[in-house]
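Here's the structure, in structure tokens; my notes come after.
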Amino acid sequence: MKIGITCYPTYGGSGVVATELGIELAARGHDVHFITYSQPFRLTGREARIHFHEVAVSNYPLFEHPPYDLALATRMAEVADFYELDLLHVHYAIPHSVSAVLARQMLQTQPISARSRYLPIITTLHGTDITLVGLDPSYLPITRFGIEQSDGVTAISAYLRERTEAAFATRTPIEVIRNFVNCDVYLRDPEKVPALRAQYAAADERLLVHLSNFRPVKRVQDAVEVFARVARELPARMMLIGDGPDRSLAEHLARHYKVQDRIHFLGKQDNVSELLPVADLMLMPSEMESFGLAALEAMACSVPTIGTRVGGVPELIEDGVNGCLFAVGDVDGMAKAALDLLQDADRLQAMAGNGRRTAQEQFCTSRVIPLYERYYEKVLRRKPRSIG
Ligand code: GMT
């Protein structure tokens, strides 16, 4: 198939999922065309069967806000026409699904080349497009429009499907296809771990990790508080991977708890699959996660997560089996669980093994990518929607 993919190419779970999906689809013989404003950060630009088309937005003094959505729609239509795409798969409803609807309509009514054609659109909902942005009253009607006009809609968890159906009162069928991880890339290689781990912690120190975009929804302050409590009892260090608005809050708290010298603020990293396996425990104290990709990536690397019982997280983490779940803000509970686990090597190892198994058996690319392929085929078999 010839598949167009649009996503937010910079840091963020939806961009990671879209990029990894493109890489996996290309490896399975599909031609993948990324149509984005910059090259997705997990791409090298040298992958076979992957093409990148930059969306350039012209700015004129008249435009206080350059019309990115229109530039995107135009580029989508051009690429679909020139490369004869079979479908367009957009990640994150706003504005991508709406730009895609425009591109589809352009191709059908005012084709760029002589042929009029129908370009099926699939929208994948990732979470904040529904739970935060989509519920801003000014965005709600257009988000509902984008969902209802799509030829196919997927959500990354059953939770997100239900939330979308309730919030948007939509009867558009939504297919649940959960986040995935490449278990051959995300794994703990006992030969590689010791040398890399030594850069972040001494042999007698425990190493925790938090990975996010440091937005308020991630509650990075809770990760620092939990770590400070752990570090009071045990020799420990923490890697904070990522960057975003709450990084200075995290730095402030680290100083407040006098653990600033024990925390590695690593910023944005593109070698997450190498960093995660050196940790003993992941902290994901989010206020909301529609799925929790960071926890899945850690689990695949045999690193259990202490997280919050929110959104789609319980579809991934079974409390006490492959991780631990707490109420949002329960810093005491999370710190106690972290200390208990870090002092019980057998339990920690059992949980790590269970997590790795969960990743392999339920969320590995080899299981999830075929679900996308089958869904594409199902959408392509359907009759085109009438437009107007
Ligand atoms: O978590 C974020 O703030 C980024 C966001 C995104 O859309 O880029 O992540 C969402 O999509 C991820 C990939 O599908 C999910 O694993 C995250 O749980 C989800 N985040 C939230 O729901 C807050």
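Residue numbers start at 1 and run along the sequence shown. Indexing begins at 1, ligand by ligand and atom by atom, following the structure's order.
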Pair Arg75 + Glu78: basic N to acidic O under 4.0 Å: yes
Candidates Asp129, Thr128, Thr123 - the one meeting side-chain hydrogen bond (donor to acceptor under 3.5 Å, both in side chains) with Tyr92: Thr128
Please name the residue in the list Glu20, Arg28, His30 that meets the side-chain contact (heavy atoms from CB on, under 4.5 Å) test with Ile369. Arg28
Mind checking whether Ile156 has an N or O less than 3.5 Å away from an N or O of ligand 1? no
Find all atoms of ligand 1 within a distance of less than 4.0 Å from any non-hydrogen atom belonging to Phe291, and give their numbers and elements. 16 (O), 18 (O)
Any atom of ligand 1 sitting under 4.0 Å from a heavy atom of His91? no
Quick one: does Gly292 get an N or O within less than 3.5 Å of an N or O on ligand 1? yes
Which of the listed options, Met284, Arg178, His126, holds the heavy atom that is closest to atom 10 (C) of ligand 1? His126
Leu211 versus Met282: any side-chain heavy-atom pair under 4.5 Å? yes
Taking atom NZ of Lys336 and atom CZ of Phe326, what is their separation to the nearest 0.5 Å? 8.5 Å
Of all the atoms in ligand 1, which lie at a distance below 4.0 Å from a heavy atom belonging to Lys218? 1 (O), 2 (C), 3 (O)
Less than 4.0 Å between a side-chain N and a carboxylate O, is that true for Arg215 and Asp243? no
Logged contact type for Tyr8 with ligand 1, heavy-atom cut-off 4.0 Å, is neither
Per-atom filter on ligand 1: closer than 4.0 angstrom to a heavy atom of Gly12 are 8 (O)
Contact (N/O only, under 3.5 Å) between Asn179 and ligand 1: yes
Decide yes or no on salt bridge (charged side-chain N to carboxylate O under 4.0 Å, His left out) for Asp280 and Arg197, but give the supporting numbers first. CA-CA 10 Å; Asp280 299 304; Arg197 186 188 157 99; 3.3 Å; yes
Under 4.0 Å from ligand 1, counting heavy atoms only, is it the side chain of Asn213, its backbone, both or neither? side chain
Would you find more than 12 non-hydrogen atoms of other residues, nucleotides or ligands less than 6.0 Å from Gln349 atom CD? no
Just heavy atoms, cut-off under 4.0 Å: does Arg215 contact ligand 1 by side chain, backbone, both, or neither? neither
Could you tell me if any non-hydrogen atom of Met288 lies under 4.0 Å from any atom of ligand 1? yes
Would you say Gly127 and ligand 1 have an N/O pair spaced under 3.5 Å apart? no
Taking atom CD of Glu318 as the centre, does the number of heavy atoms from other residues, nucleotides or ligands within less than 6.0 Å exceed 12? no
Where ligand 1 meets Val17 - atom numbers and elements under 4.0 angstrom, heavy-atom basis: 13 (C), 14 (O)
Can you tell me if Gly311 has a non-hydrogen atom under 4.0 Å from ligand 1? no
If you count every heavy atom of other residues, nucleotides or ligands that lies below 6.0 Å from Tyr68 atom OH, does the total exceed 12? yes
